[in-house]
Structure formats: structure tokens, C-alpha cells
> 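One structure coming up, written as C-alpha cells, with questions to follow.
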There are 2 protein chains.
Amino acid sequence: MNIGTVSSRSGVPAKTIRYYEDIGLISPQRSTNGYRYFEEKDLHKLAFLGRARTLGFPIEECRKLLALYEDDQRESSKVKSVAEEHLDAIDAKISQLKEMRSTLSHLIGCCAGNELPDCPILENLSNFE
Amino acid sequence: MNIGTVSSRSGVPAKTIRYYEDIGLISPQRSTNGYRYFEEKDLHKLAFLGRARTLGFPIEECRKLLALYEDDQRESSKVKSVAEEHLDAIDAKISQLKEMRSTLSHLIGCCAGNELPDCPILENLSNFE
DNA sequence: TATGCACCTTCCACCGGTGGGAAGGTAAAG
DNA sequence: CTTTACCTTCCCACCGGTGGAAGGTGCATA
């Protein structure tokens, strides 16, 4: 099948598929006219990648996961440790965002939000040292 | 003062300060030798920007906030609405991350993490349609 | 057969927000 | 006078794509 078909079937945009080929995540064959030709296996790999990206795995971790996926001899501990590292990264991001959220919502609660210039939000931001 | 001084006093890296000048967030003067020359006011603006970035405001919102900060006639409602929009964006990111976190930690819990190839994490990722 | 349209190709540029480093000018200290 | 610590501009790289231009291909329709 051509890139358009595999794109709509996998949910991965055609541009992204070409990019994944560029960085060596997939290597589809070529038809005589130069068009990329995808087999069922490529489709599954792309769907796998799409799903892994949805879970927030960065590209390089997707590459590792894909290699493990393709390897019948893998040890599930390898997969698990990749996933656990990513979970830690997610947790770090969440707590950073929560910290921002907490400060910001406090400031918002302090701000009258009227036609006057006084504003605790700006005061906080300009609070120097 | 020169860029090094204003950098260490504001906590904003010199590289970032030059970038902020490029995109028009600040416009320091120049000494006769071509060095950027920063006044106290620039220092405060940079500290303001650094603090706003810490709270996760994207550059364009920082620009708006800086304009409001500089405007004596501002209405605090304007500031508040910028902050509220950003809070919504933060909340959206948090809930997206929490969703990832939830799926991922469930899968991790299901994975034996041993020397065998069977892995619910990979199974889930390869689950096509 | 000609035309149009949808699809495909490559290439280049851009996003945010820096970071790294090269190549060169300048100021101050030893 | 030399060293070193700054400063300057410039360009490349990162992540994970996205947008668009310019041009080739395949198929249906008039």
C-alpha cells in the first residue's frame, strides 16, 4: 500500500512517516515509480510507534521499544525498565507543572481582575531578589 | 553593566538575553566598543522575564505581560486573563500527562519484568485497532 | 486524447528556547 | 607584553515534527 493508505490506517501523518524513514525507524520498500511501498508489517510498526508516541515516549525510546518488539528473544525486564524510566520522566514533568499551577492559581486568586492597574500577579513577577 | 553582569544578576543566561534582544523583548543600548549596555531597568525586565518563564509562560505571553508591566494605565483584568489562559494550558498538559501516567503505570504493573519475552507493555503498544 | 485532480516525490525552511562552539575584537590585571 | 576574561557575530544542533514549493505519476472523465 502507498503512504496515504498506511497513513490513514495507522493514524500517523504522511509527513511523520517520511520523517520516521529519514531517522531510520522504518524502511519501507519502493515501487518502480519511486513511491514508498508499505507492507502489513510496516503498518504494524507505524501503529506501534503512534501508540508509543501517544504514551509520550520520546523517539529514541520508541526506537528501543521497537527493537525489543521485533526481538523474539527479548527479556521483558528490558521493556519494563524503559517504561519505568519514562514513567519517572512523566512524574517529574507533572510535579513541575503542578508547582507552576499552584503558584499561578494562587496569584490569580489574589488579583482583583478589574479596571485598576494594581496587580499581584505583576507584582510577583517583578519581585526582584 | 555588561551582559555577564546582568546575566548573573538576573539569572538569565547571556545566550538567552541575546535571543530576547533578537526577538525584540528587550533593547539594551550599546557602548562605544559595541558591547551591550544594560541599565537597571533592563535588569528588572530580564528578571521579570526569567520569573515568567519559570511559571511556564510562553514567550509571546511574556511579551504581553511585559507590555502590561510597563503600562501604568493597565487594567489588572488584562493580566488576569493572560494568566488564566496559561493556567488552562497548564491544566490541559497535566491531565494529558496524568492520562499517560495512568496507562503506563498500569502496564508496568502487569509486566513481570523477568528474562522471558512475554510483555503486556509491548502487547498493548502493538494492539492494532 | 486531453484535461483535471489526487496522490506521490524531494528539498528547504520553520517552530521554541536555548546550548555549543568558532573566529575575532576588547579590557583589565599581572 | 602577555594572559585571561570578557565581549561580538555567526552558524549548527537539539526535539518532533509541520508547511509549502516544485515537479512527477496514476486514474477517471469529457
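Atoms considered below: every heavy atom in the structure, side chains included; atoms not considered: hydrogens, waters and symmetry mates. Since this is a predicted model, take the numbers as computed values, not measurements. Chain naming here is simple, since letters A, B, ... match the order of the sequence lines and numbering starts at 1 in each.
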> For the backbone of A/G50 and the side chain of A/T54, can you confirm whether one donor and one acceptor N or O come within less than 3.5 Å of each other?
yes
> When we call it a touch if two heavy atoms are under 4.0 Å apart, what does B/I3 touch: a base, just sugar-phosphate, or nothing?
sugar-phosphate
> Separation of B/L55 atom CG from C/dG17 atom P, in whole Å?
14 Å
> Please work out if B/Y20 contacts a base, only the sugar-phosphate, or nothing of the nucleic acid, heavy-atom cut-off 4.0 Å.
sugar-phosphate
> Just the rounded figure in Å: distance from C1' of D/dA13 to CD of A/E60.
14 Å
> Check the pair A/E75 / A/K80 against salt bridge (Lys or Arg N to Asp or Glu O under 4.0 Å), numbers first and verdict last.
CA-CA 9 Å; A/E75 298 171 23; A/K80 193 170 184 174; over 6 Å; no
> Tell me the interatomic distance from A/L49, atom CG, to D/dG16, atom P, rounded to whole angstroms.
12 Å
> Nearest of D/dC7, C/dT10, D/dT18 to any side-chain atom of A/T16?
D/dT18
> Given C/dG20, is OP1 or OP2 found less than 4.0 Å from the side-chain N or O atoms of B/R18?
no
> How close or far is atom P of C/dG17 from atom CD1 of B/I23, stated in whole angstroms?
8 Å
> Taking donor-acceptor contacts at under 3.5 Å, does the side chain of A/K15 reach the base of D/dG20?
yes
> Taking OP1 and OP2 of C/dA27, is either one under 4.0 Å from a side-chain nitrogen or oxygen of B/N33?
yes
> Quickly work out the B/I17 CD1 to C/dG19 C1' distance and round it to whole Å.
14 Å
> Around atom CD of A/E99, are there more than 12 heavy atoms of other residues, nucleotides or ligands at under 6.0 Å?
no
> Report the nucleotide, chosen from D/dT25, D/dG16, C/dT9, that has the shortest atom-to-atom distance to any side-chain atom of A/R53.
D/dG16
> Side-chain donor or acceptor of A/Y35 under 3.5 Å from a matching atom on the base of D/dG26?
no
> Measure from the side-chain N and O atoms of A/N2 to the backbone N and O of A/G4, and report whether any donor-acceptor pair falls under 3.5 Å.
no
> Considering just the side-chain nitrogens and oxygens of A/R30, establish if one lies under 4.0 Å of OP1 or OP2 belonging to D/dT25.
no
> Determine yes or no for a side-chain-to-main-chain donor-acceptor pair under 3.5 angstrom, with A/R74 supplying the side chain and A/Y69 the backbone.
yes
> Could you give the CG-to-P distance, from B/N2 to C/dG25, as a whole number of Å?
19 Å
> Please give, in whole Å, the distance from D/dC15 P to A/K93 NZ?
13 Å
> Heavy atoms from C-beta onward define the side chain here; which of D/dT18, C/dG19, C/dG17 lies closest to that of A/P13?
D/dT18
> Assign each of B/R36 and A/Y19 to its nearest nucleotide of DNA chain D by heavy atoms, then name whichever residue's nucleotide is nearer the 5' end.
B/R36
> Starting at CZ of B/F57 and ending at C1' of C/dG16, how long is that distance when rounded to a whole Å?
17 Å
